[in-house]
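The structure under discussion appears below in the form of structure tokens.
When a residue number appears, it is its place in the shown sequence, counting from 1.
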Amino acid sequence: MGRQEKPLNVAPGPAVDFALALRRLRKEAGGPTYSTMARLGPYSVATLSRAAGGEQLPTLPVALAYAKACGGDLQQWQARWQQASEDLMAAQAADRAVEPPPYRGLARFEPDDHALFFGREQVIDDLATLTARHPLVAVFGASGIGKSSLLRAGLIPRLRDTASQDQSRPGAIRILTPGAHPLATHASALEPADGSADTWLLVDQFEELFTLCHNKVERDRFIDALLQARNSHRRLRVVLAVRADFYARCLDHPGLAAAIQGASLAVGGMTSTELRHAITKPAAARGLVVERALTQTLIEEAATQAGGGLPMLSHALLETWRRRRGRTLTLEAYERAGGLRGAIAQSAEAAYEAMDDDQADAARQVMLRLITPGDGTPDTRRRTTRAELEAIGSGRETSTVLEVLARARLITLSGDTVEIAHETLTTAWPRLHGWIETNRETLRLHRWLTEAATAWEAVSRDPGVRISPVRLTQLRDLSLTSPQGHSELTALERDFIRVGAANHLRTIRRRRTARAAITLLSLIATGSAAVAWRQSRSGSEGR
């Protein structure tokens with residue numbers, strides 16, 4: 001007989017109810033020891049014991065291993081776990097509705113979050129000073145350093161506060177990301193608003209100009225339009241947020257290189273004091289307390305990460321807040337959340353494991369479509385539409401998966417637009433990182449196909465579309481189905497390949513027909529010449 005379970009010392013809820021059910025199953029099985037149960041499966045005594053601890057819902061594989069060791073019906077336990085997972089998500093959503101979290105997780109800070117945006121006060125001052133002196137300013141920093149949040153929750157509120165005491169109130173503040181067709185998409189945003197006040201244009205993720213826009217002419221024209229801000233009569237002020245590894249690409253454009261000379265700001269990691277403020281002050285703003293031991297641990301661990309690991313820090317704090325004890329964020333809750341390095345993976349895995357096989361396959365396809373593999377640079381996120389994602393597999397199934405991923409804060413949904421919450425996810429979630437590395441070359445080809453098919457759609461599906469023989473060979477070798485047997489291509493992509501292949505075959509047939517005709521004409525010409533020669537020779541002999 002195994003030892004008696006400790007009383008559940010946590011608040012009632014879906015995780016506690018599931019833990020109690022596991023305990024009842026173990027008791028009905030005769031109370032096997034956790035050592036005995038561990039020998040029957042791949043999980044340790046501690047992992048199985050925590051599954052019935054009630055502090056958090058175990059992952060589905062752990063729950064099934066527990067049930068199997070106690071002779072439970074695995075199908076029933078999977079259904080019970082899925083119900084508990086859904087109930088837990090609903091309860092967490094209700095909690096957030098009552099008391100919003102003080103941390104943003106992987107999501108960026110928005111202008112309305114400025115009351116929770118701490119640790120970047122000096123950088124905001126430096127940026128405000130720079131923008132007052134130059135009509136065009138570039139902000140450079142590594143991925144995850146907080147450039148987007150700096151623009152939105154730092155600069156925008158500062159502009160509004162300053163404007164309230166200044167005659168030169170901004171005529172408008174606009175924020176955009178370039179996308180694949182920056183000039184066509186944002187032409188109107190590049191025009192100053194009516195009136196004499198300045199229009200502020202904040203271009204976030206400026207590196208998309210190089211990762212998503214592959215038309216150099218359009219790229220240069222977009223940059224030229226931004227550079228017009230240097231003409232004082234334009235009443236346009238521009239701030240660019242650029243990933244640091246694309247600095248050299250910015251210098252490729254002579255005009256842009258000249259503009260950012262002396263008008264750029266490098267954003268580095270936070271100091272220990274700044275990190276302390278970023279950790280404790282948002283909690284204090286919500287009437288919460290962060291244990292000193294937790295604060296010190298976070299500062300020490302963040303110091304070992306490139307750029308301070310700010311997205312991981314923010315996500316770990318959010319997950320710790322969800323597991324808080326009363327009004328206190330504890331070190332113990334932080335460790336249960338997975339810590340700085342494990343919190344993202346733990347959250348992602350929990351969402352992924354809650355899906356059935358078809359949903360998990362759809363999630364894999366969705367996440368890979370939201371990635372643009374780097375070519376000598378780190379991978380970047382790719383913004384796309386719900387329509388594109390719902391065109392793969394079962395649209396209804398994909399729609400459900402998008403909602404699950406959004407609730408887990410792995411992706412962000414904004415109208416019809418979808419993107420991963422942060423590029424940190426590509427390395428912090430081992431499963432996603434493995435998918436990317438395994439399919440890197442296929443991903444590059446797939447990104448080309450998607451862009452080419454979209455361009456084809458934009459010209460009303462030109463029936464004369466041509467795909468090079470090399471590309472067609474590559475596309476034929478492309479895996480067209482997922483492990484679940486579902487097509488990984490949209491109907492548009494399949495149509496583009498079909499029409500391109502048909503045109504290629506017609507071209508081959510025409511060339512063959514032309515060659516055959518030339519050969520026939522050559523034979524006829526040769527034959528005619530021979531006949532003429534014989535006739536000529538016969539005539540000569542007759543004379």
Nearest-0.5 Å distance that lies between atom CG in Leu240 and atom NZ in Lys147: 12.5 Å

Spacing of CH2 belonging to Trp435 relative to CD belonging to Gln365, to within rounding of 0.5 Å: 10.0 Å

Whether over 12 other heavy atoms sit under 6.0 Å from His114 NE2: no

Check ion pair Arg108-Glu110 (N to O, under 4.0 angstrom): yes

Salt bridge (charged side-chain N to carboxylate O under 4.0 Å, His left out) between Glu332 and Arg336, worked out: CA-CA 6 Å; Glu332 185 268 340; Arg336 280 193 287 115; 2.7 Å; yes

Pi-cation contact, Trp429 with Arg431 (under 6.0 Å, within 45°): no

Distance-only side-chain donor-acceptor flag, Thr177 / Arg383, under 3.5 Å: yes

Thr450-Glu493 side chain donor-acceptor pair, cut-off 3.5 Å: yes

Test item: side-chain donor near acceptor, Ser399 and Arg386, under 3.5 Å: yes

CG-CG distance between Leu445 and Asn439, expressed to the nearest 0.5 angstrom: 11.5 Å

4.5 Å side-chain heavy-atom contact, Glu403 and Arg407: yes

Pairwise distance CD(Gln56) to CD(Gln346) - rounded to 0.5 angstrom: 5.5 Å

For Leu22 against Ala51, the heavy-atom pair lying closest together: CD1-O, 3.4 Å

Worked check of side chain to side chain donor-acceptor pair (under 3.5 Å) between Ser414 and Thr417: CA-CA 5 Å; Ser414 178; Thr417 303; 5.7 Å; no

N-O pairing of Glu99 and Arg324 below 4.0 Å: yes

Met355 and Leu405, any side-chain heavy atoms less than 4.5 Å apart: yes

Exercise: do Thr426 and His433 side chains pair donor with acceptor under 3.5 Å: no

Arg444 versus Pro373, closest heavy-atom pair with distance: CG-CG, 3.6 Å

Modelled atom types, side-chain donor and acceptor of Tyr43 and Tyr34, under 3.5 Å: no

Donor-acceptor side-chain pairing of Thr59 and Glu353 below 3.5 angstrom: no

Ser44 and Thr47 side chains, donor-acceptor separation under 3.5 Å: yes

Side chains of His446 and Arg369, donor plus acceptor under 3.5 Å: yes

Value rounded to 0.5 Å, distance of CZ in Arg409 from CG in Leu425: 14.0 Å

Shortest non-hydrogen contact from Leu402 toward Leu413: O-CD1, 4.1 Å

Over all atoms of both residues, closest heavy-atom pair of Ala302 and Leu275: CB-CD1, 4.1 Å

Arg471 and Gln474: side chain donor to acceptor below 3.5 Å: yes

From OG1 (Thr320) to CG (Leu313), nearest 0.5 Å: 9.5 Å

Phe18/Trp77 aromatic ring centres below 6.0 Å: yes

Worked verdict on Glu274 versus Arg276 for salt bridge (charged side-chain N to carboxylate O under 4.0 Å, His left out): CA-CA 5 Å; Glu274 290 171 335; Arg276 190 179 301 277; over 6 Å; no

Nearest heavy atoms of Ile124 and Gly154, plus distance in Å: CD1-CA, 3.6 Å

Charged N-O contact under 4.0 Å between Arg382 and Glu388: yes

Tyr247, OH atom: more than 12 neighbouring heavy atoms under 6.0 Å: no

Polar side chain donor-acceptor pair, Gln296 to Glu300, under 3.5 angstrom: yes

Stepwise salt bridge (charged side-chain N to carboxylate O under 4.0 Å, His left out) check, Arg104 with Asp113: CA-CA 9 Å; Arg104 294 288 292 152; Asp113 298 319; 3.3 Å; yes

Sole candidate of Glu301, Arg323, Glu319 that passes side chain to side chain donor-acceptor pair (under 3.5 Å) when paired with Tyr334: Glu301

